Each structure stands twice: as structure tokens, then as C-alpha cells.
Amino acid sequence: MGFEVLFKGNNFIRLLGGLGLSLKISLLSVIISIVLGILVGLLMTAKNSYVKLLLRTYLEIVRIMPQMVLLFLVYFGVARAMGVHLSAEVSAVIVFSFWGTAEMADLVRGALTGIPAIQYESSRALGLTMVQTYRYVILPQIVRRMIPLSINLITRMIKTTSLVMMIGIVEVLKVGQQIIEANRKASPNAAFGVFATVLLLYFLACWPISCLARYLEKKWEN
Amino acid sequence: MSEIVSVKNLCKRYDELTVLDNISFSVQKGEVVVIVGPSGCGKSTLLRCLNGLEEIQDGRIFLDGEKIETNRNKTNGLCERMGMVFQSYDLFPHKTILQNLTLAPIIVKKRKRKEVEEEALALLERVGLSSKKDSYPRQLSGGQKQRVAIVRALIMHPEVLLLDEITAALDPEMVREVLDVVLNLAREGRTMLIVTHEMQFARAVADRMLFLEGGKIVEEGEPEEFFEHPKTERLRQFLQTFTYIKE
């Protein structure tokens, strides 16, 4: 079935290394996305309609545009047009953060606008200051709503990192391909064994995360 | 009896729309004043103005002789001396019942947790909900939630309690349990300003009735007189909408 190539030399370790790189890119992008996403999400609830329109457009563009085109644009396009050479990994993090920020911002916006006005008013009626209201009443509710959703975003990002091999990053899928190429003669069936293993690795990376999301969602449902 | 709340020439406008038009009245210590009137007459807005939730365009509100700052962004600590309970269940969904009750006393009044918890439990006991202290609001019925909301206002030791249609969103069979709590508070001599559509309850609990229409106080009086011999045609018509006669 082609699984035997995995036990040759350090093939399996290399595969894990590739997975590590995928996770590193997603983790970095997620952290950047959360920080920027909260800021942009707060802006999205602003009253200024120009700001709203601008951010709405940003969100729509990100949703419509395939991430691969964005990757090419940033990695190949920017280097050519502006003479700025970005490494493949930096380009990947930029593109994923650009995407993640938009998604995260929309989650923050949804969570913020979903808090009923009465929550602010009853806090105020109890004598809480604005800062105390956010600290004890509003933010805890937003975090509870957002964490499960943002965890789902993380798993989507991990899966989508398989695209970065297209700009030359040797992540788990690319390592898999290399192993298959190198063993073409000895194990012609390697494609099945290696790709099945890659699939399993993605699953093992994402499954616990999505279990955690489900657990938190259940725990905090209200 | 001494005057505790005094409203003088209160005006509230949203752009062109006048919601409250030159309202003046006062509430004595220990008095229960019930405000009734058709929907949109401004009765809820009136309570919200008293509690600083609405900016007012004109007039002054005094609590125990001190002027209440009604600018939304600055309060002078007077608003929390008036407790308010709203129509919709406004408990904090991420906190247990006990935490809902202790939050404000601990962070606003800087009281000790242990002491506040003891008081909260005693109050819960009184409204028959001590077994729910570790439940979350979503696990309670509407009537139970409103009883907790009343306790949450009481634990701040307000001098005046404002109740804004607290039974309007409840299923009929839960109205009673909430109103019983309010009746008990009235018997203890709490000062309360109540907005309600429950006429029978109003009659039972009120020391004085106010009839608000079109942002004005159209009629006021003692409940007996108010319900049996309304002086204005408008109030008579309004009261008639609550009685059913089989033809």
C-alpha cells in the first residue's frame, strides 16, 4: 500500500517537520489575526459609515478571492512590482493574516452587536462604570462567544496552509511529494501511503482543536 | 413623611418628538407610586430618565434633595441609589445567580465578598430561590429570573426602587410570583415607582396612581378614587380597555 516508505530513513520525521512548519505558519497568522481582528472588529461597529463601507469591502474581497491568488500576488507580484523581496514564509503569514483578520473582525463584530443593550443598561443601573461594564459584563460574554468560533478558524487555517507549497514552502504536503518522488522506483504505491498519512496528520492536528471548540461551546452556551 | 424623589419640569425629546412634556411630581419616603398609561405614553422613558439612562433636555431631578446628574457620561453616584428592574430579563448570562447578585456590591461598593454572599443568600431565601444560587440564568424560568433581578437591585440598598413593566414579558402563570415579591416589599415600606399594565396589582400595591398620556401627567390620585371615579374622560376610556363585559 505504500506505507513502507515512511519507515525508510528519516522520512516520517521529515513529514512531521513539514507539519510543524504548517502549524507554525498557521499559529503565527492566527495570533496576528486575533490581535488585528479585535481592532478591526471594534472599528466595524463604529458609527462612521465610510469606515463601515471600507471594512465591509475588505471583508467581501477576502471572502471572494482565492487564497492562492493572494499568495501569488504577495510572493511573486510584490517582489516584482515593488522590488521588496519577501521570503515565502513571510508572504504566507501576511496572506493568512490578511484573511484571518477579516474573518476574526467579523466574528468580533457579530459578538459585539449580539450583546443586547439591556446588558449595558442594567450594568449602569447597578452603578458600574463603563470600564467595569466592559471588564466584568461585556468582554467575558464576547470571549465566550468568540473562542469556539476562532478555534474553528484556526483549523481552517491549518488546512489551508497546504496551499503554501505553491510558493515553494516545504510543508507537510510538499515533503510528502518529495518522499513519493524519491521512492518512485522502489515503492510505486507510495502515493497512497504517504498522502493517506498526510491526511491523518492533518486530522490529528485539527481534531483535538475542534473537540476543544465543541467542548467550550457546550460549556458556555447560554 | 419626607420627600425623597422630586421631579421638576422634566422634558425629554428625541429630535422633534416630545416624549415627556414638562413633568413634575414627587415621591414621599415609603410611598408606592404606580404609573399607568397607554403604550408609548412615555412611562418607561420617565423611569429611565430618573435612573440616568436617558439624557434629558430640560428640568431637574432630585434624590433626597441632591440634584441628579443626567448627562449619560457622568454620574455623581446618585443613580445607583435608585435600583431598577427592567421588562426583559437582564441578568448576566455568564454568571451564576449568586455571582449576578454579588458583582455590583463587590466592585461598585467595595464590600467584602463573604458578607455580600451571606446577604445575597438571605435575600434569595426570602424570594424562595436559595436552591438556585449556583444555577445560571438560562436554567431559570422567566418569573424566577425576574425575582433574582429584583434581589439584584435590592442588594445595592437603593433608596428607591424603579420597576419598569417587570411582568410584561412573563407567561401569565408566572406574573403572580413576581408581583407577590413586590407586594411584600411595599408592606415593608420600600419606596417604589412602578410602571405596569396589571391594573388589579396596581390598585393593590399603590399609595398613589399617576396616569400618563402624551408625555403629560393627565390625572393622579389615590387608587380608590383613581379607579372608581376617574375625573378625566381620557382616564375613564383608558380604564375601560381593561374591563370585559359580556353582552
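Within every chain, numbering begins at 1; the chains are lettered A, B, ... in the order of the sequence lines, protein sequences first and strands thereafter. The structure presented is a predicted model; accordingly, all values stated were derived computationally and were not measured.
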**Report entry** Side-chain heavy-atom pair A:Gln119, B:Pro93 within 4.5 angstrom cut-off
**Finding:** yes
When the 4.5 angstrom heavy-atom criterion is applied to B:Lys95 and chain A, the contacting part is side chain
Nearest heavy-atom approach of B:Leu53 to A:Arg124 is CD2-CD, 3.7 Å
Rounded to the nearest 0.5 Å, the CE atom of B:Met156 sits from the CG atom of A:Leu126 at a distance of 6.0 Å
Cut-off 4.5 Å, heavy atoms of chain A, and the answer for B:Leu91 is backbone
From the list A:Pro140, A:Ala125, A:Ser123, A:Ser122, the residue making the most non-hydrogen contacts under 4.5 Å with chain B is A:Ser122
Rounded to the nearest 0.5 angstrom, the CZ-CD1 distance for B:Phe92 and A:Ile138 is 8.0 Å
For atom CZ of A:Phe76, decide whether the heavy atoms of other residues, nucleotides or ligands shown that lie under 6.0 angstrom number more than 12.
yes
Is the CZ atom of B:Arg126 crowded by more than 12 outside heavy atoms at less than 6.0 Å?
no
Margin query: Heavy-atom count check: over 12 atoms from other residues, nucleotides or ligands less than 6.0 Å from A:Tyr50 OH?
Written below: no
Heavy atoms of A:Gln132 and B:Val108 approach each other most closely as OE1-CG2, 4.1 Å
>> For B:Leu103 and A:Val137: C-alpha separation, side-chain torsions, deciding distance, then whether side chain to side chain contact (heavy atoms under 4.5 Å, CB included) applies.
In response: CA-CA 10 Å; B:Leu103 178 74; A:Val137 179; 4.1 Å; yes
Check: Any donor-acceptor pair under 3.5 Å linking the side chain of B:His94 with the backbone of A:Tyr136?
Finding: yes
A:Glu121 and B:Arg48: side chain to side chain contact (heavy atoms under 4.5 Å, CB included), yes or no, with the steps?
CA-CA 9 Å; A:Glu121 291 180 345; B:Arg48 292 167 58 84; 2.6 Å; yes
